[in-house]
Every structure is written in C-alpha cells, then in structure tokens.
*Asks:* 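Below you will find the structure I want to go over with you.
The structure displayed is predicted, hence computed values, not measured ones.
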Amino acid sequence: MGRFRKLCTSRTFIMFLALIFVFTWGVSRLFYFQIIKGKEYAEKAQNQQLSDREIEARRGTIYDSQGNVLAQSATVYNIFIDPSQINDNNRTVLINMLSDILGYDDEKKLELAEKTQKEGKYVVVERKVEYNVRKTITEFMDAEENKKYGLRNCLGFEESTKRYYPYGTLASPVLGFIGSDNQGLEGLEAYYDEELSGVNGRIITVADANSKSISDEFETTIPAQDGNSLVLSINSSIQYTLEKELQYALDEYDAKGTYGIVMDCNTGGVLAMASLPDFDCNEPRKVIYDNYIDAINKEPDKNKKAELESEYVQKQWRNFTVSDTYVPGSVYKTFMASAALEENVATLDTTYTCTGKIRVEDRIMNCHLRSGHGTETFTEGLENSCNPFFITIGQRLGVHNYFKYFDGFGFTEKTGIDLPGEASPQFYKENQYSIVELSSASFGQTNNISTIQMCTALCAVANGGTLLKPYVVEEIQDSNGNTIKKTETTALRQVISKKTSETVLQMLKSVVDNGTGKNGYVAGYNVGGKTGTSTKLGEFKEGERTKYIISFAAIAPVDNPRVAMIIICDEPSVDLGGGAICAPIAATVTEEAMKQLGVEPSYTDDELESLSVKIPSVTGKDTDNAEATLVSTGFNVKIMGNGDKVVRQSPAAGTAVPKDGIIVLYTDSAQENETVEVPDFSGLTVPEANKLAASYNLNIEIGGNDSADALVVAYKQSEDIGNKVPIGTVVKVTFKSTKAVLD
C-alpha cells in the first residue's frame with residue numbers, strides 16, 4: 001500500500017510537471033504569436049481577408065498661355081491575368097489571343113506563356129494600353145465561340161493613366177517627360193512633380209478564402225486626388241515660330257545646336273524657349289536628329305552603337321539655354337555701353353579712332369575689321385561692333401565698375417528660373433582681373449554666362465533698368481480649374497537708370513538700321529539688336545577650322561519694349577556671324593511675337609510706300625471698268641480670255657498684294673485653272689527676284705532685309721519650288737545680307 005501511494009504521488013507529480021510545461025509552452029507560444037509576431041501575422045491575415053487595389057491619380061494638365069494643352073493625362077488600362085484560373089484548356093487560346101492583339105514577337109510570347117504558369121492570382125501582362133486594345137480583347141472573350149474557355153475569369157483590366165503631349169517636340173526640353181511610374185524626369189514635369197502628381201487613392205474589399213470579393217457593402221474607397229495643373233507663360237505660336245526658324249538654321253548650317261529664348265521684358269515671363277536638337281515628349285528615348293541617326297547607323301560595333309544612342313538621347317534632353325554656359329561675344333557690348341553711360345565714362349559724343357588693332361600691355365588685340373573703322377562716335381562703335389573702341393571703354397570703366405555691372409546684371413548668380421538643372425555661373429572674380437582680362441571681357445570674350453542670364457539681363461536694358469526674375473509657370477490651378485497660386489513679377493534690383501536704358505535702346509536700334517544687325521529689321525517695328533561672335537578657344541586642334549558660337553540679341557519695339565530675345569547658333573559650318581545667321585531668325589520671331597501680343601505696327605513714310613495693298617473685288621464688272629479700278633489702285637493688270645466681263649480674279653479680292661503687283665482677270669472660265677510652277681528665288685537679289693517673279697506672272701512680297709545691296713539675297717520663300725499655283729499668286733520671299741562679320 002505504501003509503495004502504491006508512493007507510485008501515485010510520483011505519477012501525480014510528473015503529470016503536474018507536464019501540465020505546467022504544456023501551460024507554460026502554450027502561454028509562451030501565445031505570447032510569441034500575439035506580441036512578438038502579432039503585427040506580422042495580423043498583416044498576413046488582413047492580406048488574405050482584404051483585397052487592396054490602388055487608384056492612380058490623374059496627373060495635372062500643362063497649358064500654354066492661350067489655354068492650349070501641352071501635356072495631359074488620359075485613362076488607359078493595365079492588363080492582368082489570374083494564373084490560378086488558367087489551365088490546359090484555355091492557356092493556348094489566351095496566349096495566342098493576347099500575342100496577336102498586342103503584337104508580341106516570339107520572345108514576348110514566350111514570356112507571356114511563363115507568366116500564365118506563375119503562382120498567385122495577379123500577374124500584370126501589359127501596362128497602359130489604349131481603350132481600343134481593351135475593346136478588342138473584350139470582344140474576343142465575349143464572342144460566343146470563345147465563352148467556353150472562361151477567359152473572363154482569367155484576365156482583367158484596371159484603370160491607369162498615360163501622359164500625352166499633343167504637339168510632340170514643341171517646347172520638349174521645357175516640358176520634359178515622365179517615367180513609367182508617372183514621376184517627372186525632366187523639365188517642368190520634374191521641377192513641378194509634386195504639384196502635378198496628385199495623391200493615389202485605394203479600393204479595399206473584404207475577400208473570402210478564395211480571395212474573391214464578398215460584397216460591395218464591405219468595399220471602402222479612398223478617392224484619388226488629381227494633381228494640380230500648370231498654366232505657362234509660353235505662347236505656342238511664338239514657340240513654334242522660334243523652333244521652326246532654329247530648325248532651318250540647324251539643318252542649313254549643319255550646326256552643333258541652335259538655341260533661343262523670347263521673354264516678356266516687363267514681367268520676366270518666358271514666351272518661348274528652344275534648344276535644338278530636341279526630342280518628342282511622347283517618345284523621349286528615341287533619337288530624332290538626322291545627324292545623330294547617321295552617326296549611330298555608321299557605328300558597326302553593337303555595344304558602341306548602344307552607348308552612342310544613349311549619349312545622343314541625353315543630348316536631346318539637355319536644355320542648353322538653362323543648363324549650359326557660353327562665351328557671349330559682342331552681344332555683351334550692350335551691357336558695356338550701359339555701364340559706361342551710367343558711370344559717365346562715355347557719352348554719345350565720345351569718339352575713338354579704330355586702326356584695326358590695339359595694344360594691351362604685351363598683347364595686340366584685333367578688331368574684326370582688320371583695316372580699322374576710322375573715327376567713330378560711341379553709337380557708331382556699337383553699330384560696327386568695334387573691339388578696340390570697347391576695350392578703351394572697359395579700361396575707362398575700370399575693374400571695380402566693370403564687376404559692379406557684371407554682378408548687377410545678374411551674371412554672378414543663377415536666375416532662379418523654375419526649371420531644373422540651371423547652370424552655375426562661370427566667371428573671373430574681381431581680384432582675378434588684370435588689364436588683359438578686363439580688356440578681353442569688355443568685348444565679351446572672357447566670362448561664361450548662360451542663355452537665360454543673357455536674356456534676363458537684356459530685359460533689364462529694355463524695361464528701364466530693372467532686373468527681373470524669369471519664370472515659365474504663370475499660375476497653378478487645382479483639379480477644378482481654380483487658381484491657387486499666381487506668379488507675380490519679381491524685381492530684383494535697379495541696375496541702370498531709365499535714361500540710360502532709353503539711350504542704349506536707341507543705340508541698339510541704330511545697330512539694326514545702320515550696323516551689323518540689319519537682318520534684324522522688321523517693317524513697322526523699331527527693332528534694336530546686337531550681333532555677337534565668340535571663338536571657342538581650346539575646342540579645336542591646330543590646323544582645324546576655327547569653331548565659333550554666334551548670336552543675336554533683339555529688343556522690340558524700342559520705343560515701348562515688349563520682348564527681349566537671344567538667338568544662338570553653335571558651330572555653324574560656314575564662317576558667317578550672328579548678323580547673317582541669327583538676326584534673320586530674330587526678325588521672323590519678332591514679327592510673330594508682335595502679332596501675338598497685339599502690338600500694332602507703326603510704319604515710316606518709306607515703309608508705307610512699299611506696303612502691300614488689299615485688292616478690291618472686280619468680279620462681275622466689265623473688263624474696262626475692272627482694269628481702270630485696279631490700275632488706279634496701283635496694280636498692273638493682265639486679262640485672260642476674250643470675254644467682256646470678269647468671271648474671276650487672281651489673287652482673290654481682299655488678298656494683300658505689293659504695289660505694282662500683277663492682278664490677273666479671267667473673262668473665260670476655260671482659263672480659270674491656268675497655273676505656273678513656282679521658281680527658285682534663293683540667292684537672288686531683290687531686283688533679280690522681282691524680275692523673275694514678273695516673268696512667271698507671280699507677285700512677290702519682300703520680307704526681311706530689303707536693301708538692294710548685292711550681298712542681300714533671298715534665302716526663304718513661302719511657296720515650295722516647283723509647286724503649281726494660280727497666275728498672280730503672292731509668294732513671300734525673305735532676304736538677308738550674307739556679309740560675313742565675325743564680331
């Protein structure tokens with residue numbers, strides 16, 4: 001009995017220990033799962049019980065100043081499959097259907113096949129497909145003969161957004177583009193990414209054990225907040241004109257690049273900004289510049305070809321006008337003239353005798369005209385872009401005052417424009433200037449500045465002397481179109497007096513009227529301008545042709561300035577200065593800018609004499625009266641046919657035709673369709689072009705530099721060579737001086 005009690009006691013004790021162990025183990029496991037691993041397992045349970053889908057926010061729209069859409073997001077669709085619902089019965093049908101509709105090659109088709117065999121219930125097949133693709137896929141799945149495959153259970157769509165740029169390349173370095181995750185990567189898309197992005201929403205749904213939604217009543221939707229929109233100061237018409245003219249120069253002169261900025265000189269708003277070669281915002285990784293494409297195609301090595309393509313894509317993205325600097329050349333004389341007048345070290349009566357060179361310590365510095373300009377006034381020195389004259393002006397000004405205005409016009413600091421990647425200033429500091437550096441800097445050949453710095457400084461000269469902060473975004477609007485932020489004009493400082501500004505403007509007008517900037521002339525608008533050429537020192541080897549960067553600065557109209565601009569051509573293939581290549585571009589852009597800003601022309605008496613006149617209607621009149629009416633208006637008349645009444649006239653009534661132009665009157669409907677081929681006017685002088693037009697019974701409207709000088713020749717015409725046009729058609733022929741002034 002004692003042994004039995006002892007045995008029972010031992011067993012009870014062992015059971016007690018076992019119970020304590022089990023209880024302790026249970027409590028510790030409970031502690032482990034609920035406390036240590038509680039959060040992790042709760043999330044896993046929630047993921048099994050909840051279906052969570054993201055609602056992509058729509059990125060804000062970008063508008064130009066006239067309300068034209070430059071960038072917008074539209075609804076597209078992501079295609080996903082549920083591999084758990086795909087079997088041997090429907091796999092091949094699904095793969096073939098998607099491959100055909102999505103245009104997959106064998107490699108992509110194999111990738112799709114692998115995706116159908118993955119574990120899980122959600123695998124994305126394709127992102128951002130258009131509605132028509134979704135419709136085609138849906139129609140295939142819903143076709144009666146395909147319903148047996150149950151494809152609706154295998155495949156689904158979810159809404160997404162895709163960025164579209166309606167004008168492709170227009171202002172592409174300014175706009176930039178976005179990546180596959182809708183994040184801004186370049187340009188305004190990157191700089192204003194936070195404003196444009198918005199906040200994504202979510203749809204949370206309770207799911208059963210098979211991960212299927214239980215009921216809509218358990219669904220929670222957190223709406224997406226669409227991004228804000230941007231309204232730019234950019235005017236698309238001015239932008240298009242600037243890019244078109246820069247593209248012509250890029251191709252015609254096989255240049256490394258062509259760049260330009262047009263600004264509202266009274267607000268600091270950028271009206272146009274271009275950096276060519278550029279890219280298509282819709283396909284930012286595609287090389288589109290012919291010279292780049294040719295270089296890539298000539299490279300035989302596959303790896304080097306890929307490297308070259310990547311390099312050229314990066315170059316197309318780069319906005320030279322903001323992200324790079326250059327030596328400004330003689331355009332900088334505009335600011336030297338301003339500083340000299342402001343400091344009273346020169347007046348309009350100051351004269352200098354140019355012999356073609358000047359000694360500065362142990363160096364000889366040359367004028368672009370090696371024979372010299374002779375005795376010149378200050379205005380004539382600017383007209384002629386005389387280097388020795390401005391060297392003496394710089395020496396009178398002195399290092400301290402030179403730097404005072406170099407700093408005052410903003411060349412020692414970033415402008416703060418609302419675009420990414422603005423270049424840091426590169427310049428000699430005041431304590432680094434010797435008389436040699438000062439002399440060289442006085443005609444724009446020492447310090448590097450950016451294009452946006454240059455145009456901002458030109459605005460200060462134009463608007464009465466105030467340096468303004470430049471900007472591209474005029475206002476920010478919420479998703480309902482309400483303005484939440486508007487850019488105000490920011491005056492940084494007064495650099496020169498209004499009196500000095502007005503004096504320099506008249507000097508610049510004289511450069512266009514009488515000097516190196518004649519190709520910048522625009523009838524009806526008093527344009528001021530300055531040409532520039534800088535040698536790209538250190539960028540060419542001995543024996544190679546000298547490399548130049550040439551430019552032209554323009555302000556219009558000088559009597560009431562509205563715009564300032566800078567046009568640059570980098571390494572043109574011919575040794576022509578900014579006056580021959582860049583000034584004609586500025587003239588065309590100025591004319592369009594004045595039109596867009598509603599600035600009415602103010603013609604001189606001489607300009608009025610050469611203006612085109614609108615043709616009155618003489619259709620239906622007898623030939624004698626019709627002819628008399630037109631002749632009295634100043635036109636020449638050619639009658640076609642043997643009838644006694646006019647049945648049609650060419651050009652049509654209301655068309656503007658130059659005085660002494662030819663008006664063709666048809667009296668017989670059989671001859672109404674008579675046409676002529678447009679001849680080639682390129683290279684002809686104004687008298688020669690007039691003569692050729694008359695021989696073809698065509699009218700020409702003279703544009704650009706209309707001087708009868710033998711070096712002034714046609715370089716552009718409104719109708720393509722060989723086009724068939726009605727007799728009497730007006731062809732606008734634009735002329736420019738080809739005089740090479742590398743100033």
*Asks:* Hey, does the side chain of Asn723 reach the backbone of Val678 with a donor-acceptor pair shorter than 3.5 angstrom?
*Replies:* no

*Asks:* Are side-chain N/O atoms of Thr655 and Lys614 paired as donor and acceptor at under 3.5 Å?
*Replies:* no

*Asks:* Can you find a side-chain donor-acceptor pair between Ser510 and Glu383 that sits under 3.5 Å?
*Replies:*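 There is such a pair (donor and acceptor under 3.5 Å, judged by atom type) between the side chains of Ser510 and Glu383.
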
*Asks:* Compare all side-chain heavy atoms of Phe635 with those of Val657 and state whether any distance is below 4.5 angstrom.
*Replies:*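 SC-SC contact between Phe635 and Val657 confirmed.
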
*Asks:* Does a side-chain heavy-atom distance below 4.5 Å link Val712 with Lys736?
*Replies:* no

*Asks:* Should the heavy atoms of other residues, nucleotides or ligands under 6.0 Å from OH of Tyr248 be counted, would the total exceed 12?
*Replies:*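 Buried by this count: over 12 neighbours within 6.0 Å.
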
*Asks:* In the structure I gave you, are the side-chain heavy atoms of Thr533 and Ser330 within less than 4.5 Å of one another anywhere?
*Replies:* no

*Asks:* Give a yes or no on this: more than 12 heavy atoms of other residues, nucleotides or ligands lie within 6.0 Å of atom OH of Tyr289.
*Replies:*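 Buried by this count: over 12 neighbours within 6.0 Å.
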
*Asks:* Can you measure from CG (Leu246) to OG (Ser275) and round to the nearest 0.5 angstrom?
*Replies:*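 Leu246 CG to Ser275 OG: 9.0 Å, rounded to 0.5 Å.
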
*Asks:* In terms of side-chain heavy atoms, does Asp251 have a donor or acceptor partner in Gln247 at a distance below 3.5 Å?
*Replies:*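 Yes - a donor-acceptor pair under 3.5 Å links their side chains.
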
*Asks:* Would the distance check show the side chain of Ser233 and the main-chain N or O of Val270 forming a donor-acceptor pair, the cut-off being under 3.5 Å?
*Replies:*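 Yes; at least one donor-acceptor contact below 3.5 Å.
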
*Asks:* Does Tyr164, at its OH atom, have more than 12 non-hydrogen atoms belonging to other residues, nucleotides or ligands within less than 6.0 Å?
*Replies:*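 Yes.
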
*Asks:* Nearest 0.5 Å, please: how far is CD1 in Ile585 from OG1 in Thr241?
*Replies:*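 Taking OG1 in Thr241 and CD1 in Ile585, the distance rounds to 12.0 Å.
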
*Asks:* Ignoring hydrogens, what is the shortest heavy-atom contact between Gln717 and Asp720? Give both atom names and the distance.
*Replies:* NE2-C, 4.4 Å

*Asks:* Return the CG to SG distance between Leu70 and Cys281, rounded to the nearest 0.5 Å.
*Replies:*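 Rounded to the nearest 0.5 Å, the CG-SG separation comes to 9.0 Å.
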
*Asks:* Quick one: do Ser707 and Lys518 satisfy side chain to side chain donor-acceptor pair (under 3.5 Å)? Show the steps, please.
*Replies:* CA-CA 9 Å; Ser707 168; Lys518 288 181 180 178; over 6 Å; no

*Asks:* Are Arg562 and Glu600 within salt-bridge range, i.e. N to O under 4.0 Å?
*Replies:*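 Salt bridge between Arg562 and Glu600, a charged N being under 4.0 Å from a carboxylate O: no.
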
*Asks:* Short question: side chain of Tyr326, backbone of Asp570 - any donor-acceptor pair under 3.5 Å?
*Replies:* no

*Asks:* With distance as the sole test, does Asn705 use its side chain to make a donor-acceptor pair with the main-chain N or O of Phe735 at under 3.5 Å?
*Replies:*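 Between the backbone of Phe735 and the side chain of Asn705 there is no qualifying donor-acceptor contact (under 3.5 Å).
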
*Asks:* Do Asp254 and Ser573 get their side chains close enough for a donor-acceptor pair, meaning under 3.5 Å?
*Replies:* no

*Asks:* List the atom pairs, with distances to 0.1 Å, where a side-chain N or O of residues 682-694 and a protein N or O form a donor-acceptor pair under 3.5 Å, not counting sequence neighbours.
*Replies:*
residue	atom	partner	partner atom	Å
Ser682	OG	Asp680	OD1	2.6
Ser682	OG	Asp680	OD2	3.2
Thr685	OG1	Glu688	N	3.4
Thr685	OG1	Glu688	OE1	3.3
Glu688	OE1	Thr685	N	2.9
Asn690	ND2	Val686	O	3.3

*Asks:* Hey, does Val563 have a side-chain heavy atom less than 4.5 Å from the side chain of Met263?
*Replies:*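 Result no, sub-4.5 Å side-chain heavy-atom pair not found.
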
*Asks:* Check for a donor-acceptor pair, side chain of Glu607 on one end and backbone N or O of Thr604 on the other, with a separation under 3.5 Å.
*Replies:*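 The answer is yes, because a donor-acceptor pair under 3.5 Å joins these two groups.
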
*Asks:* Using 4.0 Å as the upper bound for N to carboxylate O, is an ion pair formed by Lys530 and Asp743?
*Replies:*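 Between Lys530 and Asp743 there is a salt bridge, with a charged N closer than 4.0 Å to a carboxylate O.
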
*Asks:* Could you pull out the closest heavy-atom pair between Lys732 and Gly703, with the gap in Å?
*Replies:* CE-CA, 4.1 Å

*Asks:* Apply side chain to side chain contact (heavy atoms under 4.5 Å, CB included) to Leu232 and Leu175, showing your working.
*Replies:* CA-CA 10 Å; Leu232 310 186; Leu175 295 175; 4.1 Å; yes

*Asks:* Does the side chain of Asp294 come under 3.5 Å of the side chain of Asn297 through a donor N or O and an acceptor N or O?
*Replies:*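 The criterion, which ignores hydrogens and geometry beyond distance, is not satisfied for Asn297 and Asp294.
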
*Asks:* Between the main-chain N or O of Ile727 and the side-chain N or O of Ser650, is there a donor-acceptor pair closer than 3.5 Å?
*Replies:* yes

*Asks:* Do Pro601 and Met594 have side-chain heavy atoms sitting under 4.5 Å apart?
*Replies:*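 Pro601 does not reach Met594 side chain to side chain.
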
*Asks:* Relative to the ring of Tyr292, is the ring of Tyr312 parallel (under 30°), tilted (30 to 60°) or perpendicular (over 60°)?
*Replies:*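 Parallel, since the angle between the ring planes stays under 30°.
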
*Asks:* Quick one: do Thr633 and Val613 satisfy side chain to side chain contact (heavy atoms under 4.5 Å, CB included)? Show the steps, please.
*Replies:* CA-CA 8 Å; Thr633 315; Val613 179; 4.2 Å; yes

*Asks:* So how far is it from Phe681 CZ to Tyr715 OH, rounded to the nearest 0.5 Å?
*Replies:*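 The distance works out to 15.5 Å.
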
*Asks:* Should Val618 and Leu665 count as side-chain neighbours, where that means a heavy-atom distance under 4.5 Å?
*Replies:*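 In contact.
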
*Asks:* Kindly determine whether Leu698 and Val676 satisfy side chain to side chain contact (heavy atoms under 4.5 Å, CB included), including the steps that lead there.
*Replies:* CA-CA 8 Å; Leu698 292 171; Val676 293; 3.7 Å; yes

*Asks:* Please lay out, stage by stage, how Asp559 and Lys509 fare under the test salt bridge (Lys or Arg N to Asp or Glu O under 4.0 Å).
*Replies:* CA-CA 10 Å; Asp559 44 343; Lys509 178 180 181 297; over 6 Å; no

*Asks:* In Å and rounded to the nearest 0.5 Å, what is the CG to CG distance from Asn235 to Leu242?
*Replies:*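 Here the rounded value is 11.5 Å.
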
*Asks:* Between the side chains of Ser501 and Lys498, is a donor N or O closer than 3.5 angstrom to an acceptor N or O?
*Replies:*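 Side-chain D/A pair, Ser501 to Lys498: absent.
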
*Asks:* Near Lys716 NZ, under 6.0 Å, is it more than 12 heavy atoms from other residues, nucleotides or ligands?
*Replies:* yes

*Asks:* If we only count heavy atoms from C-beta on, is the Ile62 to Arg163 side-chain gap below 4.5 Å?
*Replies:* yes

*Asks:* Measure across Ala553 and Leu458 and return the closest heavy-atom pair with its distance rounded to 0.1 Å.
*Replies:* CB-CD1, 3.5 Å

*Asks:* Looking only at side-chain N and O atoms, does Tyr63 offer a donor or acceptor that is under 3.5 Å from a partner on Gln66?
*Replies:* no

*Asks:* Verify, without hydrogens or angle tests, whether Thr667 (side chain) and Val647 (backbone) share a donor-acceptor contact under 3.5 angstrom.
*Replies:* no

*Asks:* Is a donor on one side and an acceptor on the other found under 3.5 Å between the side chain of Ser65 and the backbone of Ile234?
*Replies:*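 Yes, the answer is positive, given that a donor and an acceptor are paired below the 3.5 Å cut-off.
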
*Asks:* If every non-hydrogen atom of Ile581 is compared with every non-hydrogen atom of Pro572, which pair is closest and at what distance?
*Replies:* CD1-CB, 3.9 Å

*Asks:* Without hydrogens or angle criteria, can the side chains of Glu376 and Asn384 be said to hold a donor-acceptor pair below 3.5 Å?
*Replies:*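 Asn384 and Glu376 do have a side-chain donor-acceptor pair below 3.5 Å.
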
*Asks:* What distance separates Tyr259 OH from Ile452 CD1, expressed to the nearest 0.5 Å?
*Replies:*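 Interatomic distance, Tyr259 OH to Ile452 CD1, rounded to 0.5 Å: 15.5 Å.
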
*Asks:* Does a donor on one side chain sit under 3.5 Å from an acceptor on the other, for Thr516 and Thr531?
*Replies:*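 Yes, because at least one side-chain N or O of Thr516 sits under 3.5 Å from a partner of the opposite role on Thr531.
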
*Asks:* Would Thr629 and Lys621 satisfy side chain to side chain contact (heavy atoms under 4.5 Å, CB included), going step by step from the backbone distance to the final call?
*Replies:* CA-CA 10 Å; Thr629 299; Lys621 293 185 177 182; 3.9 Å; yes

*Asks:* Is Asp709 salt-bridged to Lys739, cutoff N-O under 4.0 Å?
*Replies:* no

*Asks:* Check whether the side chains of Glu592 and Gln596 place a donor and an acceptor atom closer than 3.5 Å, and report yes or no.
*Replies:*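 Yes, because at least one side-chain N or O of Glu592 sits under 3.5 Å from a partner of the opposite role on Gln596.
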
*Asks:* Using only atom types and a distance under 3.5 Å, with no angle test, would you say the side chain of Gln316 pairs donor to acceptor with the backbone of Ile288?
*Replies:*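 Side chain of Gln316 to backbone of Ile288, a donor-acceptor pair under 3.5 Å: yes, one is there.
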
*Asks:* Can you confirm whether Ser172 sits close enough to Asp280 that some side-chain heavy atom of one is under 4.5 Å from a side-chain heavy atom of the other?
*Replies:* no

*Asks:* In this structure, is the centre-to-centre distance between the rings of Phe389 and Phe378 below 6.0 Å?
*Replies:* yes

*Asks:* Counting N and O atoms only, with roles assigned by atom type, does the side chain of Glu701 sit under 3.5 Å from a partner on the main chain of Pro658, one being a donor and the other an acceptor?
*Replies:* no

